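Every chain is numbered from 1 and lettered A, B, ... according to where its sequence line falls, protein lines coming before strand lines. Note that this is a predicted model, so its numbers are computed, not measured.
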2 protein chains.
Amino acid sequence: MEKEITIYDIARELSISPTTVSRGLNNHPAVNKSTKQKIFDAAAQMGYRSNAFASNLRKKRTNTIGVIVPLLNSNFQSSVMAGMEKVANEAGYNLIISQSLENAQKEIANARTMFESRVDGLLVSVAYDTENIDHFEPFFSKGIPLLFYDRVPEHKQCTSIVINNIQAAHKATTHLLEQGCQRIIHISGNHRINVYKDRLKGYKYALMDHNIASREDYIIETDLSEKAGEEAVQKILEMDPRPDGIFVANDNCAVSCIKALKQAGIAIPDDIAVVGFNNDPITRIIEPNLTSVNYPGYEMGEVAVRSLINYLDGVSDVSITNTITLNSELVVRESSQKKEKAKARLA
Amino acid sequence: MEKEITIYDIARELSISPTTVSRGLNNHPAVNKSTKQKIFDAAAQMGYRSNAFASNLRKKRTNTIGVIVPLLNSNFQSSVMAGMEKVANEAGYNLIISQSLENAQKEIANARTMFESRVDGLLVSVAYDTENIDHFEPFFSKGIPLLFYDRVPEHKQCTSIVINNIQAAHKATTHLLEQGCQRIIHISGNHRINVYKDRLKGYKYALMDHNIASREDYIIETDLSEKAGEEAVQKILEMDPRPDGIFVANDNCAVSCIKALKQAGIAIPDDIAVVGFNNDPITRIIEPNLTSVNYPGYEMGEVAVRSLINYLDGVSDVSITNTITLNSELVVRESSQKKEKAKARLA
DNA sequence: TTGTATGCGTTATCAA
DNA sequence: TTGATAACGCATACAA
């Protein structure tokens with residue numbers, strides 16, 4: 001391990017003060033052009049690299065953004081990360097990423113680590129079983145900006161970036177109704193989580209708006225896994241009269257439903273129409289292609305980091321306590337478009 | 001922004017020296033049990049948090065691992081990230097992640113950032129158009145461990161974690177041959193990249209081992225995108241005699257091929273059998289389900305970080321200059337299993 | 001078992 | 001436009 005070059009070495013080399021070297025390297029306006037040039041040249045020639053720790057220690061700023069995500073390996077979350085990384089990188093911020101693995105205890109530990117790492121700001125999508133957000137209290141009390149996205153806590157007033165899940169689910173359900181569906185199942189995720197709670201609401205509101213009473217046995221709460229899809233289909237097939245539409249709260253589970261339904265000899269969409277949520281690439285692979293709500297993950301990541309950085313730079317005047325809602329739209333594909341005769345039969 | 005508590009504050013509070021506080025917090029053995037307890041209690045009560053920068057500045061170590069990845073939002077890479085994060089987190093390391101976006105220039109910039117961030121070690125999967133690895137020279141000369149995974153450079157002797165792509169491709173091609181295929185196309189990625197180069201080799205070797213001459217027009221070099229799959233299929237359908245097997249270097253493109261083939265009325269696998277690479281979840285969604293080489297991304301991520309940390313801790317004696325090869329196996333599904341009569345017809 | 005003194009590399013403050 | 005000095009918070013060599 002050879003010796004690291006410091007601004008003192010450069011200063012000595014050029015017979016100027018370390019202060020001037022520091023200023024020169026940081027492009028301070030009050031430094032003579034030619035001096036600045038000499039400094040840059042010497043730095044490059046001597047193989048200098050700035051020491052971020054010394055700088056951070058002094059400036060009390062890390063240029064680092066923390067991210068706590070439930071699971072990295074999902075299409076949605078990895079798209080979000082990609083968007084976040086792009087903006088952060090362009091703005092000169094580092095991204096420290098950790099996963100809670102859908103476990104509140106891990107999330108608490110991660111939050112502590114992020115706090116100790118002194119991130120300038122934190123982006124969080126909460127774990128499946130996170131009950132409260134006390135573990136983020138240190139961030140609030142220290143005034144470190146904290147921004148939730150996608151899975152956001154309900155009870156606290158905190159900045160969050162979301163889509164309008166109620167509206168999106170309302171559209172999805174309405175679409176099924178317009179296709180002639182009369183007995184629509186909703187396969188939902190954990191109702192404690194805002195996104196699934198809201199999707200359920202949107203489903204109910206849509207039924208209500210069409211003067212259809214929602215039935216408890218038509219609402220199936222699951223973990224949205226593949227297995228859950230198969231099990232839900234079993235239940236559905238035993239119902240009499242048989243449901244004619246399913247709105248599933250994510251694509252993975254919706255695809256699993258379609259596979260199970262096809263195996264049981266059910267025609268999709270004519271016997272049962274299916275709509276998913278997320279617009280993952282698999283929607284275009286399953287047959288029939290899955291109608292789904294487009295969820296702009298990449299864009300959400302971009303917006304999240306941009307908002308945070310704007311706040312850190314003091315650019316955004318708006319209070320940090322608010323909600324940013326991204327647009328989402330229903331992408332209609334074959335899995336939900338009943339043929340006219342099917343519609344007629346149902347009518 | 002209230003004042004941060006430091007070890008000096010704790011020391012003053014307890015009327016002991018900062019040195020003892022520092023030792024106590026770090027669980028130094030030579031500190032009185034009760035003193036230690038007092039220190040911990042005071043720290044907790046006063047809301048102390050250690051300052052990693054001051055500590056790093058002193059220790060010249062960051063407990064941070066850098067990762068440069070081509071694109072975050074692919075099934076394979078996000079699985080790798082998930083595995084990396086898990087191990088790093090458990091070992092108390094932070095992960096700084098950046099994407100090259102398949103662009104050598106970005107990769108160079110990222111490498112510089114990682115270097116300036118003084119990561120303890122770096123994990124890299126190189127970009128599509130990375131021609132050389134001069135930009136990692138600073139790491140080599142400073143003795144910072146650098147470990148390549150998946151996409152590894154060829155010309156330099158450097159530590160890398162890979163699967164045996166030649167062997168895997170050999171198995172895949174042999175499987176097609178055993179199904180009775182006689183005219184097997186290989187849709188490949190950029191030949192400059194080790195993984196695609198090796199898969200091509202494995203394909204050629206397998207043909208050779210069955211005394212079949214490989215034909216240049218049967219090897220289609222693409223970017224493995226969906227579009228590339230469609231275009232390749234157009235070419236294939238114009239060939240006379242028509243090929244009866246396709247080995248594609250990734251699943252995404254393989255799925256796109258299957259879709260295009262089906263649209264053209266080709267029966268899979270009986271007219272043309274298809275094998276992919278990666279064993280992405282989509283292999284189980286496309287119909288027929290896609291035969292593919294299982295590529296253990298999560299495991300690769302775990303192994304990569306574990307190796308790096310072992311080296312950093314001085315646990316592993318083995319030279320850092322070597323190669324770790326993970327196992328991979330062929331997962332046979334419907335897309336390649338010709339029915340007996342199809343096999344017979346071909347025989 | 002505890003304490004004193006010092007340095008890690010940078011930047012803010014004040015002065016020139 | 002430049003410089004001297006101190007401070008950021010911690011960990012360690014050395015001393016007690």
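Taking the side chain to side chain contact (heavy atoms under 4.5 Å, CB included) definition, one finds that B:K36 meets it with B:N27, B:V31, B:F40, sequence neighbours left out. Qualifying ring-ring contact (aromatic ring centres under 6.0 Å, His included) partners for A:Y298, counting only residues two or more places apart in sequence or in other chains: none. With sequence neighbours excluded, no residue satisfies salt bridge (charged side-chain N to carboxylate O under 4.0 Å, His left out) with B:R112. Under the rule for a side-chain hydrogen bond (donor to acceptor under 3.5 Å, both in side chains), A:S15 has no partner lying at least two apart in sequence or in another chain. Residues satisfying the side chain to side chain contact (heavy atoms under 4.5 Å, CB included) test with B:T19, not counting sequence neighbours, are B:S17, B:R23. Take A:E102 and apply the salt bridge (charged side-chain N to carboxylate O under 4.0 Å, His left out) test, not counting sequence neighbours, and it matches A:R151. Listed by chain and residue number, B:T62, B:N94, B:I96, B:V119 satisfy the side chain to side chain contact (heavy atoms under 4.5 Å, CB included) test with B:T64 (two or more places apart in sequence, or in another chain). Every residue was checked against the ring-ring contact (aromatic ring centres under 6.0 Å, His included) condition with A:Y149, not counting sequence neighbours, and none meets it.
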Check the interface with nucleotides 12-16 of chain C: list each N/O to N/O pair with the protein under 3.5 Å, or write none.
| from | atom 1 | to | atom 2 | distance (Å) |
| --- | --- | --- | --- | --- |
| C:dA12 | O4' | A:R58 | NH2 | 3.1 |

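Residue B:K60 places at least one side-chain N or O under 4.0 Å from the OP1 or OP2 atom of C:dG9.
Protein atom CG of A:D9 is 10 Å distant from nucleotide atom C1' of C:dG9, rounded to whole Å. Across the protein-nucleic acid pair, B:N26 atom CG and D:dC10 atom C1' stand 9 Å apart, rounded to whole Å.
When the C1' atoms of four end pairs are superposed on the next four at each end of the helix from C:dT1-D:dA16 to C:dA16-D:dT1, using five pairs per end, the two resulting axes differ in direction by 30°, to 10°.
At a non-hydrogen distance threshold of 4.0 Å, B:Y48, B:S50, B:N51, B:A54 from residues 30-54 of chain B come into contact with DNA chain D.
Not a single donor-acceptor pair under 3.5 Å links the side chain of B:N89 to the backbone N or O of A:Q99.
Applying the side chain to side chain donor-acceptor pair (under 3.5 Å) test to every pair with at least one member in residues 65-75 of chain A, sequence neighbours left out, gives no pairs at all.
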